[in-house]
Enquirer: 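Below you will find the structure I want to go over with you.
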2 protein chains.
Amino acid sequence: MDQFQSTQPIYLQIMALIKRQIATAQLRPGGQLGSVRELAMNYQVNPNTVQRALSELEREGLLKSDRTVGRYVTDDLSMIEALHRSLFLEATSRYVDEVNELNVSADEAIKAVRIQLKGENT
Amino acid sequence: MDQFQSTQPIYLQIMALIKRQIATAQLRPGGQLGSVRELAMNYQVNPNTVQRALSELEREGLLKSDRTVGRYVTDDLSMIEALHRSLFLEATSRYVDEVNELNVSADEAIKAVRIQLKGENT
DNA sequence: ATTATTGTATTAGGTACTTAATACAGTAGT
DNA sequence: ACTACTGTATTAAGTACCTAATACAATAAT
């Protein structure tokens with residue numbers, strides 16, 4: 001499906017992708033994931049790489065696995081909300097740090113964000 | 001000096017760091033850099049890793065090297081301005097993309113940026 | 001019972017990055 | 001001339017990540 005960047009481990013990129021999909025309910029709470037082999041086909045990567053990403057997400061509590069049936073998204077809604085909030089805050093914090101390091105004023109930064117955000121809406 | 005993350009090649013992180021310092025004139029146009037061996041000491045990495053970062057920056061035109069004297073920041077002010085603009089735009093664009101993918105509204109995002117930016121000023 | 005599919009584990013090989021240890025050519029300062 | 005510093009190059013080793021090719025136990029569907 002997608003292509004991945006070579007500057008970061010693929011399994012981390014897959015983790016981030018699935019986290020986003022969980023946080024935005026593109027993967028619904030309690031919903032089933034494709035199998036390791038299916039996802040590997042879709043992502044065009046080795047099944048082992050998918051396996052690694054998924055087991056890490058499971059370790060974080062976002063996924064559950066039934067050994068012989070498949071994998072499911074957690075149905076803990078508060079955890080999903082917390083995930084969404086966390087991804088949003090981390091993105092914002094990262095951006096603010098970058099902007100500060102570039103000595104860009106608050107007004108300039110807010111203006112730039114507003115322009116790009118408005119420009120991309122339909 | 002700093003520590004580096006393990007999820008991205010160190011030489012790329014050093015490149016990004018030096019780019020920021022050039023863009024904000026912490027490294028002044030035409031100014032001299034520390035030697036490969038000095039920087040390796042400061043960054044706590046191998047000289048080869050510094051060498052790689054610096055030669056890539058040179059390939060991009062941001063640094064110049066005198067083989068037996070040392071390395072200098074470019075004195076092309078328009079290039080430095082373009083670098084600053086580019087780093088700022090890329091950061092903003094990256095943030096806007098992330099926010100869109102999280103289905104966060106423009107108003108929410110701008111509000112979050114404003115709060116964090118104001119909160120961090122002295 | 002048999003078949004297909006699930007997650008999981010293992011072994012091997014290749015590539016990129018990093019480190020370590022040198023070495024060399026050129027120049028500035030003495 | 002000598003010394004100390006530049007950038008640069010090379011060789012070897014270790015680690016992390018990715019891929020490939022299997023294999024196994026467990027279950028759902030038939």
Side-chain angles (χ1 to χ4, degrees), chain A residues 1-19 21-22 27-75, chain B residues 1-19 21-22 27-75:
Chain A
M1 199 81 86
D2 289 323
Q3 215 69 303
F4 296 102
Q5 295 181 345
S6 62
T7 60
Q8 203 181 16
I10 296 174
Y11 80 95
L12 290 178
Q13 299 181 54
I14 292 178
M15 286 179 67
L17 174 61
I18 294 180
K19 278 188 180 180
Q21 292 175 337
I22 293 176
L27 289 173
R28 279 166 304 178
Q32 190 165 9
L33 265 74
S35 75
V36 170
R37 293 166 180 81
E38 274 178 16
L39 293 178
M41 284 281 298
N42 291 350
Y43 295 151
Q44 304 264 50
V45 298
N46 191 279
N48 295 340
T49 305
V50 172
Q51 165 71 15
R52 174 153 189 192
L54 296 186
S55 55
E56 301 256 12
L57 290 172
E58 194 174 338
R59 205 173 44 77
E60 295 184 14
L62 295 173
L63 300 180
K64 301 291 175 190
S65 71
D66 245 339
R67 185 180 179 101
T68 61
V69 181
R71 273 205 179 75
Y72 300 89
V73 178
T74 182
D75 55 2
Chain B
M1 198 81 84
D2 288 322
Q3 215 68 303
F4 295 101
Q5 295 181 345
S6 62
T7 59
Q8 203 181 19
I10 296 175
Y11 80 95
L12 290 178
Q13 299 182 54
I14 292 178
M15 285 179 68
L17 174 60
I18 294 179
K19 277 187 181 180
Q21 293 176 336
I22 294 177
L27 289 173
R28 279 166 304 178
Q32 189 165 10
L33 264 76
S35 74
V36 170
R37 294 165 179 81
E38 274 178 15
L39 293 178
M41 284 281 298
N42 292 349
Y43 295 152
Q44 306 263 49
V45 298
N46 191 279
N48 295 341
T49 306
V50 173
Q51 165 72 13
R52 173 153 188 191
L54 296 186
S55 55
E56 301 258 12
L57 290 172
E58 195 174 338
R59 206 174 42 78
E60 296 184 12
L62 295 174
L63 300 180
K64 299 292 175 188
S65 71
D66 245 338
R67 185 182 179 100
T68 61
V69 182
R71 273 204 179 75
Y72 299 88
V73 178
T74 182
D75 55 2

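Chain identifiers are assigned alphabetically (A, B, ...) following the order of the sequence lines, protein sequences preceding nucleic acid strands; residue numbering begins at 1 within each chain.
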Enquirer: How does protein reach along nucleotides 3-17 of chain C, written 5' to 3' as B (base within reach of a heavy atom under 4.0 Å), S (only sugar-phosphate), or - (no contact)?
Expert: ---BBB-B------S
Enquirer: Run the side-chain hydrogen bond (donor to acceptor under 3.5 Å, both in side chains) test against A:Glu38 and tell me which residues pass, sequence neighbours left out.
Expert: none
Enquirer: Could you pull out all donor-acceptor pairs under 3.5 Å where a side-chain atom in residues 8-15 of chain B meets a protein atom, sequence neighbours excluded?
Expert:
residue: B:Tyr11; atom: OH; partner: B:Arg52; partner atom: NH2; Å: 3.2
residue: B:Gln13; atom: OE1; partner: B:Gln5; partner atom: N; Å: 2.9
residue: B:Gln13; atom: NE2; partner: B:Gln5; partner atom: O; Å: 2.6
residue: B:Gln13; atom: NE2; partner: B:Gln8; partner atom: O; Å: 2.6

Enquirer: By side-chain hydrogen bond (donor to acceptor under 3.5 Å, both in side chains), which residues pair with B:Glu60, not counting sequence neighbours?
Expert: B:Lys19
Enquirer: What integer distance in Å separates B:Gln32:CD from C:dA28:P?
Expert: 12 Å
Enquirer: I need the CD-P distance between A:Gln44 and D:dC18, as an integer number of Å.
Expert: 15 Å
Enquirer: I need the full list of salt bridge (Lys or Arg N to Asp or Glu O under 4.0 Å) pairs touching residues 62-72 of chain B, with sequence neighbours left out, sorted by first then second residue.
Expert: B:Glu58-B:Arg71
Enquirer: Do B:Leu62 and B:Ile18 make a side-chain contact, defined as non-hydrogen atoms from C-beta onward lying under 4.5 Å apart?
Expert: no
Enquirer: For B:Asn46 and D:dT11, give me the distance from atom CG to atom P, rounded to whole Å.
Expert: 17 Å
Enquirer: Applying side chain to side chain contact (heavy atoms under 4.5 Å, CB included), can you list everything that pairs with B:Asn48, at least two apart in sequence or on another chain?
Expert: B:Asn46
Enquirer: Rounding to a whole Å, what distance do you find between B:Glu56:CD and D:dT8:P?
Expert: 12 Å
